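Scroll down for the structure; my scribbles are underneath it.
Given the structure is predicted, the values throughout are model-derived calculations rather than measurements. Counting starts at 1 for both ligands and their atoms, in listed order. One-based numbering along the sequence shown.
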Amino acid sequence: MASSQASKAPVNPADSVDEEFVEDMSNFRIHLNPASMIPDLFSTYPPVRDELDTDTSATQDETVEICLPYISGQDADVKYNDYGVPSLDREGHARFLHRNLGTLPAPFIAADASRPWFLFWCLNALTLLGEDVSGYRERLIETALSMQNESGGFGGGPGQLSHLATTYAVILSLAIVGGQDCYEVIDRKALWRWLCLLKQADGGFRMSTDGEEDIRGAYCAVVIISLLGLPLDLTRESPAWTSDGTATLFTGLGKWVRRCQTFEGGISGQPDAEAHGAYAFCALGCLSILDTPNRSFPQYLDVPRLIAWLSSRQYAPEGGFSGRTNKLVDGCYSHWVGGCWPLLEACVGAQGSPGAALFENASQSLFSREGLIRYILSCCQDRTKRGGLRDKPGKPSDAYHSCYVLSGLSSAEHKWELQSPSAQEPMQGSGGPVWRVSPYPYDVQIFDEADRVGTIHPVYTIPEGKVIEIQEYFMSKEGF
Ligand code: FPP
Ligand code: K
Ligand code: ZN
């Protein structure tokens, strides 16, 4: 083409075919492979590595080996954008999640007591993907009713003992789908009486009557109480009831949470145990409801040491978070650890607090959003027909990881700000500070706009509009 045109017109040297130049240009295209668009930090072996040979260092090395081809853009079957980042397979993941709400194969019998969790994980993940879940309303209501006990709370299935985790999962599911018919499933009076039985004299909550007392209980209980506007008064049957009548469902809870901060700076499931990222989120979520983060965090926690520990959870080159010291990166910690950052930013960056100057530059962050987004989009997607999101390459996708990987992606893509944090009232009810969300103001946005997922409330982890709707519904109701 070029040469025949060149013969009819005055010769422009730029039009002539230079074989050497063409050769160079094709080399140039090779240089433009995704790896060249990815910072060395995320595409090469780590500059510092543990040289003491232990099982821990060996599995860490193996994990880097497994993840590197994915994060450094080496997969010939994957289309990368200009930053070497693959796109989100929305359709594949949505299909996977809808299937997980259907009949599951026999091996899932082991997860029978976690059926409420499957409802929450799938409904929340689908909502993050922008899917309409209102079609599940009737089935959800029927299922939730079958799991509710007259003595209060929800079990994992019909005839199962009420448990705080399954109760939390059912209530969040009902809130996600929303509407009066969903809300009215909940027997709030029985639920309140049951929560009073779980509340302990030392301030914490058990997961079930006679069950273990841990920080999941502290988080799940305050989420339920504040979403449903339950009274804080204790029944006389509560182990935490005091004869002077002053103790409430919240009494001593902050102090109990404080007992879970460990020598490492992280938070453990109960006092004197090992710090874990999932429990850090429970602690911060709980304290964010008891009061605004800029008051409640420093009141009960050593915030700088917690930030140091949480920062150590992000690894390079993987880019994602681990759950605890000396353990491996895993997609679900994109939420459990990733979800701590907006809460901490609200604490450290609050107007008038000493750290506020840190956030004067709007795109300042306490963690590497780029690293997390690279890990999620490169390593956590099952790109086969199966779809769904996962812990890491080589692990099967599942509903749990789909929910928490997408939740973490949402947190990395958005900026949350707590407005008017100087209000004197606790966060429950109206008139308190309001969380506001906007797209994160990246200097350079490495993900495509089409891969922006929905937003979830940084404390309640479900779409923020759904939090307001259920709170307003019960606030406008007289009594139970
Ligand atoms: C260790 O698993 C995991 C834990 C000790 C905590 C798990 C808790 C949660 C995921 C969430 C709890 C929160 C609520 C609201 C119920 P592992 O040893 O398999 O993983 P690891 O090696 O990454 O630590
Ligand atoms: K894990
Ligand atoms: Zn995981």
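- Proximity of the aromatic rings of Y400 and W117 is defined here by a centroid distance below 6.0 angstrom, and this criterion is not met.
- At under 3.5 Å, not a single nitrogen or oxygen of D330, backbone or side chain, sits near a nitrogen or oxygen of ligand 1.
- A distance below 6.0 Å separates the ring centres of Y168 and Y219.
- Residue Q60 forms a side-chain hydrogen bond (donor to acceptor under 3.5 Å, both in side chains) with just one option from E318, R49, K327, and that option is E318.
- No side-chain N or O of Y333 forms a donor-acceptor pair with one of S322 less than 3.5 Å apart.
- Heavy-atom proximity to atom 24 (O) of ligand 1, evaluated over R324, E274, M207, is greatest for R324.
- Look at D330 and the Zn ion (ligand 3): an N/O/S atom of the residue is under 2.8 Å from the metal.
- In this structure, A165 falls outside the shell of residues with a heavy atom less than 4.0 angstrom from ligand 1.
- The atoms of ligand 1 that sit less than 4.0 Å from any heavy atom of R216 are 12 (C), 13 (C), 14 (C), 16 (C).
- Taking a cut-off of under 4.0 Å to the non-hydrogen atoms of A278, the atoms of ligand 1 that pass are 8 (C), 9 (C), 10 (C), 11 (C).
- Neither the backbone nor the side chain of Y404 comes within 4.0 Å of ligand 1, counting heavy atoms alone.
- Counting only N and O atoms by type, the side chains of S397 and R386 include a donor and acceptor under 3.5 Å apart.
- Between W435 and W416, the two ring planes are perpendicular [angle over 60°; tilted spans 30° to 60°].
- Ligand 1 places these atoms under 4.0 Å from at least one heavy atom of Y400: 10 (C).
- Expressed to the nearest 10°, the angle at the Zn ion (ligand 3) joining NE2 in H401 with SG in C332 is 120°.
- Proximity of F281 to ligand 1 is not established, as no heavy-atom distance is less than 4.0 Å.
- When non-hydrogen atoms are compared, ligand 1 lies under 4.0 Å from the side chain of W117 (C-beta onward) but not from its backbone.
- Near Y219, with a cut-off below 4.0 Å to any heavy atom, the atoms of ligand 1 are 15 (C).
- Between W341 and F321, the ring planes lie tilted relative to each other; the angle falls in the 30° to 60° range.
- Residue Y333 approaches ligand 1 through these ligand atoms, each under 4.0 Å from one of its heavy atoms: 20 (O), 21 (P), 23 (O), 24 (O).
- The part of C282 lying near ligand 1 is the side chain, judged by heavy-atom distances below 4.0 Å.
- Residue contacts with ligand 1, taken as heavy atom pairs separated by less than 4.0 Å, involve W336 solely via side-chain atoms from C-beta onward.
- Each of L232, L234, L249, I224 was compared with W192 under the side chain to side chain contact (heavy atoms under 4.5 Å, CB included) criterion, and only L249 meets it.
- In summary, the aromatic rings of F118 and W121 are positioned with their centroids under 6.0 Å apart.
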Going through the distances and angles, do E274 and R324 end up as a salt bridge (charged side-chain N to carboxylate O under 4.0 Å, His left out)? CA-CA 8 Å; E274 184 185 3; R324 45 183 164 147; 2.8 Å; yes
